[in-house]
Amino acid sequence: MCTDNPGVWEYIANWARKHSIWVLAYGTGCGAIEMPPTMTSRYDAERFGLRGAATPRQADLLIISGYLATKTLKRVIRTYEQMYDPKYVLALGSCTINGGMYWDSYNTIKKLDLYIPVDVYVAGCMPRPEAIIEGIIALQKRIEEGRAEGAKKYRENIEWYKKNQREVFGDEMLPDYTWNFEGGI
Amino acid sequence: MSTGMRIVDIIAYPFIAFLIGMLYMGIARNIIGRIHRRWGPPVLQNLIDVFKLYRKREAGSHGVMFHLGPIIMVTGVVTCLYFIPMLSDGRWLKGFSFDGDLILVTYLMVLGALGMALGVGQGGVPFGVMGVTRGLTRLIGLEIPYFIAIIVLMAHYNTASINKIIELQAGGLSNWAMFKVPLAFIASLFSFWGMMGASPFDIPGAPQEVASGPATEFGGKYLALMMSSRGIFGFLKLTLWVDLFMGGAANLLILVGKTFVLFVTVLFVTSVYSRFKVEQAVDFMWRYPTIIGLIALVIEMVR
Amino acid sequence: MSKVVKIFHGPQHPGITGNMSVELDLIGETIVKARTHVGYLHRAFEKLVERRTAMQAFTIVCRICVPEPDPNEENFARAIEEITGLEVPERAKWIRVLVLELSRLAAYHLWMGGQAGSTGLYTVPQWSVGYRDYILDLFEELTGGRVYHMYIIPGGVRRDLPDGFLDRVSDVMDLIESKLPEFDRLFFDNAVFKKRAIGTAVIDPETAIERGVVGPPLRACGIASDVRRDDPYEIYDKLDFDVITEKGGDVYARALVRRREMEQSIKIIRQIIKYIPDGPYRTKIPYPMNWKLKAGETYVKTESARGEFGYYMVTDGSEYIRRMNVRGPAYVHGVSLLEDMLEGAQLADVAMIMNSLGTCPPEIER
Amino acid sequence: MGWGIDLKGIVSPFTALKYLGKHPHTVRYPYEKKKTAKRYRGFHINDLEKCVGCGNCAKICMNETIDMVKVEGIEPKTGDSGLRPKVDYGRCCWCALCVDVCPTGSLKLSTDYVYVDEDPNSFLYIPGLERKEYEKNVGWTCETDLDSLLDLERVEMKIMPPDERVKTFAEAVYGYTVEEAKREAERCTGCGVCISACPDRMHIPDYIKAIRDGQFDESVRIIYDNNPLPEMCGKVCTRRCEFNCIMTHRAGKENAIAIRWLKRFACEQFESYEEVLNLQPQPLNGKKVAIVGGGPSGLTVAYYLRLKGYETVVFEEMPKAGGMTMAGIPKYRFPIPSLDKQLNHIKSVGVEIRENTKVVKGEPKSNNEVSFEKLKEEFDAVFLGIGLTQPMKLGVEGEDLEGSIQALPLLKAVNFGEKINVGQKAVVIGGGNVAMDCVRVLRRFGVDVTLSYRRREVDMPADNEEIHEAKEEGVVFRTQTIPVEIIGDENGKVKAIKIQRAEMVPDPKGGRPRPVPIEGAYEVWECDNVIAAIGQKADYSFLPDDIVEKLDLQWGKIPVNERGMTKVEGIFAGGDAVNWTADAISAIADGLKAVKGIDEYLSGK
Amino acid sequence: MSYLEELKVKIENMFSPEKCYFPKENLLSFLVSNSEVRGALSYLKDVEGFKHFVMLSCVDWLEEGKFELVYIVWHPEKKVNAMVKTKIDREKAEFQSLHDMWRQICTYEREIWEMFGVNFIGHPRLEPFILEDWKDMPPMRRDFDTLHYVNEHYEWREGREESYKPRDYIGEAFDEWRKK
């Protein structure tokens with residue numbers, strides 16, 4: 001039923017996807033401290049249809065909130081691969097762009113877009129709730145224009161992503177079944 | 001009622017329940033939002049969510065049973081819905097009421113949960129399995145006061161047909177079953193909150209403990225099925241309780257009015273209480289609501 | 001045949017504050033064996049501090065513990081001052097204590113949200129995180145940053161109080177004080193929460209001291225040990241507040257200790273507003289780019305919202321710190337103590353116990 | 001579980017429902033915006049004109065967020081490196097240390113904090129050049145001195161108190177102790193902006209860093225790369241570098257890093273430089289270079305050419321080499337032993353200095369005279385470091401009376417120890433360093449001195465510290481006064497001087513304001529001596545006439561190309577006779593330029 | 001004589017520490033040989049009453065080729081800290097595990113084993129604690145250069161190639177005739 005025919009049906013689907021983004025409850029970095037104020041009463045991201053999702057299966061948006069230790073990167077990649085197709089990644093803070101404050105630490109990754117496709121970057125050393133909401137609005141615009149095809153990008157150049165991941169993990173790579181499960185109908 | 005109109009009536013039945021159910025969940029998120037001192041999402045948010053979930057491109061499936069689980073859940077709920085008359089008089093939305101349908105409805109309500117259990121079993125996620133076991137144990141706790149309440153009702157009106165009960169309650173506020181057998185109503189109210197997933201009893205899907213319980217592994221369109229079935233199931237119980245205790249509804253407006261009042265009580269309870277553990281919930285249910293139910297039963301027998 | 005199920009209360013889990021994972025072996029719902037796995041937030045602070053001069057390291061230090069960065073800044077600044085003998089003016093000490101107490105209040109509000117959220121009461125986090133935001137507005141006005149203030153600097157504080165700031169502080173204190181009774185009625189007296197909390201995860205006083213428990217969990221077992229009284233730093237000896245203790249030692253006692261300590265913090269802040277002296281707010285450090293620290297060692301500690309936060313620092317005369325070892329309260333609470341307390345507990349209580357012990361994963365692996 | 005019903009626990013939570021009717025306290029962000037704090041740390045803004053590209057911000061940043069980059073349209077100039085900071089928001093942690101360490105206060109943070117983009121490479125920008133919209137609302141700034149991280153007070157230099165130093169010629173400035181010097185050296189952020197101001201381009205940050213680390217010998221080695229007379233510069237330099245030090249932007253000229261005194265401190269740590277420098281001059285390569293004039297430029301050429309292997313001979317007219325630093329600068333500023341130490345070092349390298357030998361045109365009359373023509377053939381190259389020896393005349397009536405003398409001969413006499421006959425009261429005319437020396441020397445002889453200068457005090461070319469110390473020593477300053485006539489008594493001695501007050505008239509073309517005498521505003525001051533210190537000219541009498549035209553002098557200065565060669569092939573020139581700044585360090589700079597020129601010229605021939 | 005000074009005298013004649021001094025007013029620090037650590041700690045714990053174990057830290061004195069283990073304990077009643085320090089060889093880094101005295105020491109030892117490579121004999125559970133699949137040398141040792149490791153394993157974002165140091169840039173821009 002969910003064929004990919006571009007056209008009105010897809011446009012309506014994008015409209016629905018834009019207005020109901022479920023955020024995965026996963027505080028990967030120190031930016032996670034600005035997620036509660038954004039989701040609770042003072043800034044209330046639920047006005048935009050944002051709702052917390054407990055598991056990757058239910059989530060649409062994975063928020064990488066700051067730096068990523070290599071141990072966390074492995075779990076993030078596995079979580080990202082378990083999420084279902086129209087999935088987006090919002091990268092908060094300078095640590096995801098060029099290493100941030102921990103640029104010289106042996107345990108954090110420097111450029112997030114080497115490992116998973118990222119839709120929107122938000123500047124800030126821990127962006128404020130307003131900046132996060134601005135990031136979400138930018139993500140919504142990108143979804144509406146149908147450009148938020150992170151999953152397709154991941155599938156198409158999977159070798160490049162896996163090569164970068166292998167550089168970090170060495171031979172402790174994730175099992176293959178995490179990303180090429182039959183994906184359902 | 002020509003066959004054409006009956007077909008329309010049959011088809012319209014679940015969709016009305018779905019729409020009103022989803023609308024209630026949207027309004028619920030707004031009311032709870034106000035209690036949280038925030039604005040809350042637009043009212044149609046749940047409909048948008050369900051539509052988005054249907055339009056997900058992927059939905060991982062772990063085999064046939066996993067695929068059938070949500071379908072059984074929805075069919076269970078919809079068949080149960082058919083046996084509950086939404087509007088008591090008038091030609092529309094009467095459903096297939098017959099003599100013993102109160103007992104049939106009670107049985108069918110459990111069918112959805114069982115179907116879900118099979119699907120989750122196939123999925124193999126420990127959280128899912130734990131969620132289901134919690135759900136079933138909680139069900140045991142909730143069923144007792146509900147059964148007692150129904151027995152009291154049947155004894156009071158000595159009939160097992162929902163339609164008759166509605167008719168017997170006709171004529172003004174005073175002879176609503178709610179006031180006729182108040183203790184039974186209170187006992188059934190506890191199990192009603194439990195089944196609606198109000199806070200002290202929303203144990204199966206507790207995110208902090210078992211990562212959304214049974215729904216852990218379900219994504220995409222399966223989750224959409226589950227959400228819509230939860231919407232219909234919510235409305236189903238509301239109409240059931242309205243029919244049994246609040247004199248049914250003549251037309252759609254009264255139905256919506258009465259169900260909404262009942263629904264608001266669920267919201268108040270869910271937003272102010274923490275969550276029981278499973279054994280605490282069952283223990284609580286077997287203590288106070290059961291006692292109230294038994295007292296109602298005794299009163300009934302004495303009368 | 002009781003089958004043991006192994007689940008990861010893993011890094012991705014709505015019930016975890018921060019990013020750690022607890023490997024649980026379950027029979028049904030009771031936990032047989034628990035292992036904490038940390039390292040998801042390891043940024044090698046102590047290695048990075050060895051590559052940064054004192055002035056550069058002061059900015060990275062406050063990132064160690066996210067819910068409450070200020071005890072780190074204050075610890076680091078005081079350790080440097082004690083080693084090099086740098087004099088801090090009186091007003092700077094008062095401002096530091098003001099910042100510490102405000103951050104304690106913000107941390108307690110966040111804790112309250114987490115504790116109530118872990119037991120299913122979603123109204124409390126909405127309120128408490130919302131009111132915490134008023135405190136963050138005060139921080140934004142005072143220090144220029146919401147959560148990471150980078151404000152307490154070796155030698156004092158970076159800027160003076162903006163004018164009219166203290167009355168805004170007292171307004172926010174009035175707001176918070178007026179809201180506390182509401183939290184009592186909704187959460188602390190909540191029958192369901194009491195039923196869940198009373199009697200779970202009990203720590204008796206002897207094992208508490210033996211196992212190195214600090215802060216609210218220790219005070220909940222009836223032992224009055226508070227760094228602000230035992231080893232007073234800055235101007236805590238000049239302020240009057242009392243150390244809260246509770247009997248019971250269970251989740252509920254720990255909740256009450258934190259709840260009543262919020263009132264003490266408000267009392268302290270009001271005293272500061274009344275008695276803060278005038279004068280300079282900073283003595284300049286000799287030279288930011290290349291300040292050679294005198295060789296020496298020291299162990300300083302402050303009372304953070306989760307307990308005694310200690311810094312062991314050794315300097316060797318160069319401008320780089322030889323070794324800075326951070327000892328957060330969660331190091332003990334989150335690893336050895338948590339593993340023992342989870343054995344025999346219910347899966348449903350894991351999130352609640354972790355939150356009541358105040359486990360904050362970034363400070364375990366730094 | 002017990003049967004007790006906790007009624008309060010069941011009922012009290014419902015009080016939370018009272019918020020149903022209340023207005024939520026949500027900030028509905030995109031529609032309602034919360035006002036950010038005045039002091040918020042947002043994105044960087046920079047004023048490209050005020051910024052001097054010192055790189056402090058790049059140096060303090062531990063995340064290496066800031067790169068100093070070239071910006072087209074901004075060229076390196078004196079006091080500005082021409083680089084501007086470029087910020088990378090893939091690294092920044094918004095700690096604002098860069099703002100607190102910025103000497104000019106040009107770098108600030110705005111209260112804007114929203115920048116969202118899908119391309120990760122767009123998080124780099126040059127504040128002040130791009131994204132100007134942040135400049136509307138300024139957030140975190142660093143105004144007061146206590147806010148700034150820089151160490152803005154200079155370490156106090158102990159100077160002999162005025163009443164004591166007036167009585168003696170001993171050195172007035174005591175110099176830094178080791179501890180004081182290190183603390184002063186610690187203040188320097190090593191940005192190198194001072195190099196752009198120093199005519200000799202000395203490697204100032206490097207030798208200050210050496211002092212900071214306690215390696216004084218390394219510091220002297222670095223100094224000797226550019227300057228053979230370091231102690232002299234350490235005591236009497238005009239300190240152009242200090243006036244362009246980045247500290248002056250916040251703390252004014254008197255709190256700049258004490259570069260001159262640090263150089264003096266480094267040199268004074270060693271009795272002689274031989275064992276420190278262990279230079280091995282190249283073996284003689286047979287070429288000979290004659291240096292006319294033993295001033296700073298001549299000595300520099302001699303020293304470095306000798307190191308390069310040329311045989312160098314210095315012909316000094318005065319009984320002692322050192323040029324103006326020996327003859328002109330009084331001993332309380334630059335004591336003789338310190339000059340001897342440096343001259344001995346230069347001699348130790350192999351430079352031959354023939355004192356008391358004047359170079360003349362045509363035939364030498366006595367044995368301490370040498371003919372210029374003979375020099376020209378005998379030596380492969382000639383360097384003219386003749387300096388300005390002819391003092392200028394006032395050009396007023398009565399100038400040739402007895403008692404009206406020029407400043408230079410007076411100072412020369414004092415420096416060489418001859419007796420001078422000066423009366424009770426004297427008037428010195430002029431505003432340069434020579435005037436200051438002359439005035440303070442006379443004070444040391446107990447003379448009651450008045451200084452008259454045409455323009456205002458702020459226009460005086462003299463060093464502001466000299467002016468300040470002269471005032472302390474009791475000199476009366478009468479600025480905006482022009483000498484009209486010197487009145488002599490009956491037997492031809494100076495009795496008084498008539499001066500006319502003037503007022504400054506701003507130049508219509510925007511140049512420096514000119515003093516215009518006020519009609520009829522005359523004053524007469526009794527005095528026994530009138531000393532003119534209004535500048536000197538070069539004396540080319542020793543050169544044959546054909547060479548003098550070929551040099552084609554402009555306003556008495558010898559034009560030279562960038563290699564220091566005059567228009568006459570084989571003749572080089574430098575020092576006060578060539579450049580217009582006329583101070584010791586520029587002379588040394590010309591010397592260095594000439595060294596390279598001569599080396600290329602001779603190795604080319 | 002405050003309690004700490006008495007304690008200092010007692011310690012000096014019992015354990016003959018190499019260095020025993022007060023870094024600050026309520027902190028006693030003394031350096032003992034390897035074998036006396038357990039004795040000193042149990043003396044402090046059982047006899048003196050320093051029941052609260054604060055932390056175990058390890059300082060890497062690369063120049064001396066020594067690791068310095070620092071045991072910090074706190075006296076709840078007397079409100080004072082004591083530091084027992086000992087130096088162990090850096091290459092063959094081994095020490096006895098004291099986890100039987102305080103249970104939480106084994107977490108500290110586990111971290112020091114992972115971060116410094118000190119092998120604790122008799123430790124119940126020496127397994128990776130913070131790092132996962134770490135193949136390089138223990139990272140907290142001073143001879144491990146983290147920037148070198150980072151430049152080897154990760155790449156930087158482009159766009160930042162042009163970067164001058166003002167000191168050198170001015171040197172070239174103005175120093176026309178003398179290159180140093």
Side-chain angles (χ1 to χ4, degrees), chain A residues 23-44 46 52-59 62 65-76 78-80 82-83 93 95 99-109 124-131, chain C residues 8 10-21 37-45 47-48 51-52 56 59-60 62-69 106-107 109-110 113-114 117 122-134 136-137 140 145-148 150 360-362 365-366:
Chain A
V23 183
L24 182 63
Y26 190 7
T28 59
C30 58
I33 195 74
E34 286 287 29
M35 289 314 289
T38 318
M39 309 289 273
T40 54
S41 61
R42 194 76 198 286
Y43 292 97
D44 192 11
E46 201 167 358
T55 64
R57 297 301 191 197
Q58 302 161 356
L62 171 62
S65 55
Y67 63 88
L68 270 184
T70 42
K71 207 171 180 179
T72 320
L73 177 68
K74 193 177 277 188
R75 275 68 179 178
V76 157
R78 188 162 193 151
T79 314
Y80 180 74
Q82 282 176 353
M83 288 160 67
C95 292
M101 281 194 93
Y102 315 109
W103 60 284
D104 51 355
S105 156
Y106 52 85
N107 199 31
T108 59
I109 56 143
C125 192
M126 247 207 337
R128 298 170 55 116
E130 288 99 329
Chain C
F8 273 83
Q12 190 274 313
H13 193 284
I16 303 267
T17 57
N19 191 347
M20 65 191 270
S21 88
H37 292 281
V38 277
Y40 297 102
L41 296 168
H42 177 58
R43 297 150 282 184
F45 269 98
K47 189 75 183 173
L48 298 186
R51 293 191 64 252
R52 283 159 168 71
Q56 291 174 333
T59 54
I60 200 169
C62 71
R63 261 110 172 142
I64 286 179
C65 175
V66 176
E68 210 200 357
H109 272 76
L110 197 67
Y122 297 120
T123 311
V124 169
Q126 299 281 354
W127 289 358
S128 70
V129 175
Y131 298 138
R132 167 178 176 269
D133 219 77
Y134 291 104
L136 295 192
D137 291 349
E140 182 189 327
R146 264 170 63 91
V147 180
Y148 290 139
M150 290 174 270
C360 165
E365 70 263 5
R366 299 171 299 281

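So that the names make sense, note that chain A is the first sequence line, chain B the second, and so on, each numbered from 1. Below, each value reflects all heavy atoms present in this structure, side chains not excepted, and no hydrogens, waters or symmetry copies.
- When K47(C), H13(C), R132(C), R63(C) are compared by the number of non-hydrogen pairs under 4.5 Å with chain A, R63(C) comes out ahead.
- Remark: the backbone N or O of R42(A) is not paired with any side-chain donor or acceptor of Q126(C) at under 3.5 angstrom.
- The structure places CZ of R43(C) at 6.0 Å from SG of C30(A), a figure rounded to the nearest 0.5 Å.
- In this structure, CG on D133(C) lies 9.0 Å from OG1 on T38(A), to the nearest 0.5 angstrom.
- When heavy atoms are compared at a cutoff of 4.5 Å, A32(A) does not approach chain C at all.
- Heavy-atom minimum distance, M101(A) versus R52(C): O-NH2, 3.2 Å.
- Contact of Y131(C) with chain A is not made at all, since no heavy-atom distance falls under 4.5 Å.
- A distance-only check finds no donor-acceptor pair linking the side chain of T40(A) to the backbone of G130(C) [under 3.5 Å].
- Residue L24(A) touches chain C through its side chain alone, counting heavy-atom pairs closer than 4.5 Å.
- Heavy atoms of T59(C) lying under 4.5 Å from chain A belong to its backbone as well as its side chain.
- Atoms CD1 and CG, from I33(A) and L136(C) in turn, are 8.5 Å apart once rounded to the nearest 0.5 Å.
- A pairwise comparison of heavy atoms in N19(C) and T72(A) identifies ND2-CG2, 3.4 Å as the closest pair.
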side-chain contact (heavy atoms from CB on, under 4.5 Å) assessment of Y40(C) paired with T28(A): CA-CA 8 Å; Y40(C) 297 102; T28(A) 59; over 6 Å; no

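- Both the backbone and the side chain of I60(C) come within contact range of chain A, with heavy atoms under 4.5 Å apart.
- In terms of modelled atom types and a separation under 3.5 Å, the side chain of S105(A) and the main chain of A44(C) share no donor-acceptor contact.
- With respect to chain C, the highest number of heavy-atom pairs below 4.5 Å among P36(A), P56(A), P37(A) belongs to P37(A).
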R146(C)/E34(A) under side-chain contact (heavy atoms from CB on, under 4.5 Å): CA gap, chis, key distance, verdict: CA-CA 10 Å; R146(C) 264 170 63 91; E34(A) 286 287 29; 3.1 Å; yes

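- Shown here for P11(C) and R75(A), the closest heavy-atom pair between the two residues is CG-CG, 3.5 Å.
- Side-chain atoms of S41(A) do not come within 3.5 Å of backbone N or O of W127(C) as any donor-acceptor pair.
- Aromatic pair Y102(A)/H42(C): ring centres not closer than 6.0 Å.
- A donor-acceptor pair under 3.5 Å links the side-chain atoms of K71(A) to the main chain of V38(C), judged by distance alone.
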